[in-house]
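Everything on this sheet refers to the single structure shown next.
Below, chain A is the first sequence line, B the second, and so on; all start at residue 1. Both backbone and side-chain heavy atoms feed into the values below; hydrogens, waters and symmetry mates do not.
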Amino acid sequence: MKMSKWGDRLKKVEELAQSFQKNPLTTPYKPRLWPCQPSSVWKLFPRQSMATSFAQSCKEAVHVFALEKEKESMGQRIYLVTSYSELWFYYRTYTQSLMHCYEVIPEGAVCKLYLDLEFHKPSNKGSDGKTMVSLLIQYVCDKLLEVYGIECSAKNVLNLDSSTEEKFSRHLIFCLQQAAFKDNIHVGRFIHAILQPVLNKPKNGSHLDNGVETRFMKRRKEEGGDLRFLQVKNKDGRDSLFVDLGVYTKNRNFRLYKSSKAGKNAAFTVAEDNQCIAKPEKGTSLEESIFLASLVCNVRYIGHKQLRFLCALSGFLSSPHQEVDNFVLTVVRKDGIQGSLRRWNYFAAEQLLVYDIAKYRWCENVGRFHKSNNIMIVVDLKEEVWYQKCHDPECRNFRSSSYPLPQEICISYVLTLDEEDQVYLMDDAGNIESSQEHKPMGPQSTTHTEEEKSDVWGDERDDWDYLESLDNFEQKSEEISDQLLLSCMADFDSQ
DNA sequence: CTCTCCCCCGGTCTTGG
DNA sequence: CAAGACCGGGGGC
């Protein structure tokens, strides 16, 4: 027993040694594309972890790709570290060794919203893939608007096809102008959350009363959330989902545009019903721009020349607790100043609802309006009080006295639920009104106007200050409640 | 089919009351 | 002895 395990180990080590010899860390193959661009990176590694650490140590903007070998070493993968432009330079010519190439979506990397869609054709004779894709895109766009205030349509979604006779297979990559997700784990949470209506179907088990449950279902249908079209049968005739939920794991390998699986012929091509217009930038071909658009982690290039990484986006005008929102609005609409709710954040552990306020800058600490810094209103749902904090450096640790919430607001929190139900409800992004009847939050949003943006980001020193405090929020929300959809997003803004 | 990576699950070890 | 950390096998993709 022990001997055979040692034998296995020894064999592995020998294989590894061989693999190192075959793929030395300094590959002799070192292309130099442009004389003016001295630093070319093109390195192969037998293990993903090695490639990842090398990529991280690089000062150049390089990325890890997985290459599937063919024939005798079928199934084996080696890992390439290079830049997008260098990869494209060799990739576009259909270089044999690059035919089965995967983008490694690194742990913690900012990335786009992406979907892997598939079903077994013979088991789903009645299913119309194209219609399903179209319905799904519309649904996801609706949810992006609802949850994050992001307006998009099928025109923003690169639709790649890798279908065969056996299998309907698509990749969707959402190319949003100003927003990207914090990482692919957060993308997974968002997708999971918006698909709750179809995921939750068999299990019930909670102690929610039946009336509430039925209202949930009704609500879902009213919102066009009938997701039954996503239900498909797998090869064995068992129920499964059109959307593959297994692709949001750490360091996921995601097959590239124009790549096929080793031993298969179906490469990803632009689907015939694709509506995404990838506009080529100067010096790039249409094909390259499609390639760049298809890369899940290629976030910086889209649309703008100069993108500035700002912070987590959660710019929602209204939370699921409309009564609380309305109350906070009465607090920030005084003396003829029309304050508004720029953002809300919910910290489940402390049951704190934190509002970032726009236009209204009255600070109790200084007894006047701040000139350029905004304030926060914190609603403590547990204590049923609210107080004011602010972003100004001199008020950093200031917290105003607590004021009681109006009685009528508190009544809506009488219903308490356990942890599990909180998770369920918070994930259930679509059911704003249903979740309103309970304590936990489901995110909701609205767009904020350009003028509000310029107002907030107007002063540079304020920006830094604001960013710092947002970072704290990020951290906190990370620690406290993973279900928070609002912490999923990272925001990009042009200068 | 083979391979890598990664998640999950179940068993075991550790720690602390 | 129970809860949490740790490890290794199974299975999915």
Side-chain angles (χ1 to χ4, degrees), chain A residues 1-20 22-23 43-56 63-81 97-109 111 114-120 123 160 162-164 166-172 183-189 191-192 199 203 232-256 259-268 296-297 419 423 479 482:
Chain A
M1 188 68 179
K2 229 172 192 175
M3 287 296 277
S4 76
K5 264 193 179 170
W6 268 109
D8 284 349
R9 262 230 169 133
L10 217 64
K11 207 180 132 200
K12 279 254 165 76
V13 171
E14 271 165 23
E15 278 174 5
L16 197 65
Q18 238 182 359
S19 157
F20 266 114
K22 272 193 203 159
N23 309 288
K43 265 186 175 170
L44 294 167
F45 298 85
R47 289 289 178 274
Q48 187 176 267
S49 57
M50 300 169 186
T52 305
S53 35
F54 173 73
Q56 279 166 356
H63 306 268
V64 182
F65 302 88
L67 308 176
E68 254 180 341
K69 288 189 189 171
E70 228 167 355
K71 289 166 190 167
E72 71 277 352
S73 42
M74 256 278 267
Q76 242 188 69
R77 284 180 188 192
I78 53 169
Y79 299 88
L80 166 67
V81 177
S97 60
L98 297 175
M99 294 267 286
H100 320 295
C101 189
Y102 297 75
E103 177 183 9
V104 174
I105 302 166
E107 183 178 354
C111 68
Y114 62 98
L115 288 160
D116 179 28
L117 309 176
E118 56 185 35
F119 64 79
H120 186 242
S123 312
L160 301 178
S162 180
S163 299
T164 60
E166 274 281 287
K167 203 172 154 190
F168 182 90
S169 171
R170 296 282 178 107
H171 276 181
L172 301 181
D183 59 38
N184 71 332
I185 305 297
H186 289 255
V187 177
R189 275 184 209 146
I191 295 301
H192 229 88
L199 295 174
K203 87 157 208 188
V232 292
K233 300 280 181 202
N234 69 8
K235 228 183 231 169
D236 315 316
R238 288 166 50 88
D239 285 328
S240 80
L241 211 59
F242 184 41
V243 179
D244 184 354
L245 295 172
V247 295
Y248 306 108
T249 54
K250 279 194 224 169
N251 298 319
R252 166 66 39 182
N253 290 194
F254 207 54
R255 187 149 54 91
L256 288 191
S259 266
S260 58
K261 282 184 186 165
K264 302 262 170 81
N265 250 340
F268 274 113
V296 170
C297 297
E419 280 284 299
V423 172
E479 286 162 19
D482 278 355

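Partners of A:S259 by side chain to side chain donor-acceptor pair (under 3.5 Å), not counting sequence neighbours, listed by chain and number: A:Y91. Every side chain to side chain donor-acceptor pair (under 3.5 Å) that A:S123 has, sequence neighbours left out, goes to A:H120. In this structure, the ring-ring contact (aromatic ring centres under 6.0 Å, His included) partners of A:F119, at least two apart in sequence or on a different chain, are A:F168, A:F242. In terms of the salt bridge (charged side-chain N to carboxylate O under 4.0 Å, His left out) criterion, A:K264 has no residue partners (sequence neighbours excluded). In this structure, A:Q56 has no side chain to side chain donor-acceptor pair (under 3.5 Å) partners at least two apart in sequence or on a different chain. Under the ring-ring contact (aromatic ring centres under 6.0 Å, His included) criterion, A:F54 pairs with A:F45, sequence neighbours left out. Shown here are the salt bridge (charged side-chain N to carboxylate O under 4.0 Å, His left out) partners of A:R170, two or more places apart in sequence or in another chain: A:D161, A:D273. Legend: residues meeting side chain to side chain donor-acceptor pair (under 3.5 Å) with A:R77, ordered by chain and number and at least two apart, are A:E68, A:N253. Remark: A:K167 engages A:E118, A:T164, A:K261 in a side chain to side chain contact (heavy atoms under 4.5 Å, CB included) (not counting sequence neighbours).
Residue A:Y79 has its side chain nearest to B:dT4 when only B:dC6, B:dC1, B:dT4 are considered. If you check B:dC1, B:dC7, B:dC5 against the side chain of A:K250, the one that comes closest is B:dC7.
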*Going through the checks in order, is the side-chain contact (heavy atoms from CB on, under 4.5 Å) test met by A:L98 and A:F65?*
CA-CA 10 Å; A:L98 297 175; A:F65 302 88; over 6 Å; no
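When the local axes at the two ends of the helix from B:dC5-C:dG12 to B:dG16-C:dC1 are compared, using 5 base pairs at each end, they differ in direction by 10° after rounding to 10°.
A:R77 has its CZ atom 11 Å from the C1' atom of B:dT2, to the nearest Å. One can place CG of A:L245 at 15 Å from P of B:dC7, the figure rounded to the nearest angstrom. The CE-P distance, from A:M74 to B:dC1, rounds to 11 Å in whole Å. Note: NZ (A:K69) to P (B:dT4) measures 10 Å, nearest angstrom. As rounded to whole Å, 14 Å separates atom C1' of B:dC1 from atom CD of A:Q76. When the P atom of B:dC5 is taken as reference, atom CZ of A:F65 falls 17 Å away, rounded to whole Å. Distance, A:F254 CZ to B:dC6 C1': 17 Å, rounded to whole Å. One can place CG of A:N184 at 13 Å from C1' of B:dC7, the figure rounded to the nearest angstrom.
Both A:K264 and A:T249 lie close to DNA chain B; mapped to their nearest nucleotides by heavy-atom distance, the more 5′-ward contact belongs to A:K264.
A heavy atom closer than 4.0 Å to some atom of DNA chain C occurs in no member of residues 98-109 of chain A.
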Please tabulate, one pair per line, each protein N/O and nucleotide N/O from nucleotides 11-13 of chain C that are separated by under 3.5 Å, including the distance.
none

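A:N265 CG: 12 or fewer foreign heavy atoms inside a 6.0 Å radius.
Between the side chains of A:H100 and A:E70, at least one donor N or O lies within less than 3.5 Å of an accepting N or O.
When the side-chain nitrogen and oxygen atoms of A:N251 are compared with OP1 and OP2 of B:dC6, one or more of them lie within a distance under 4.0 Å.
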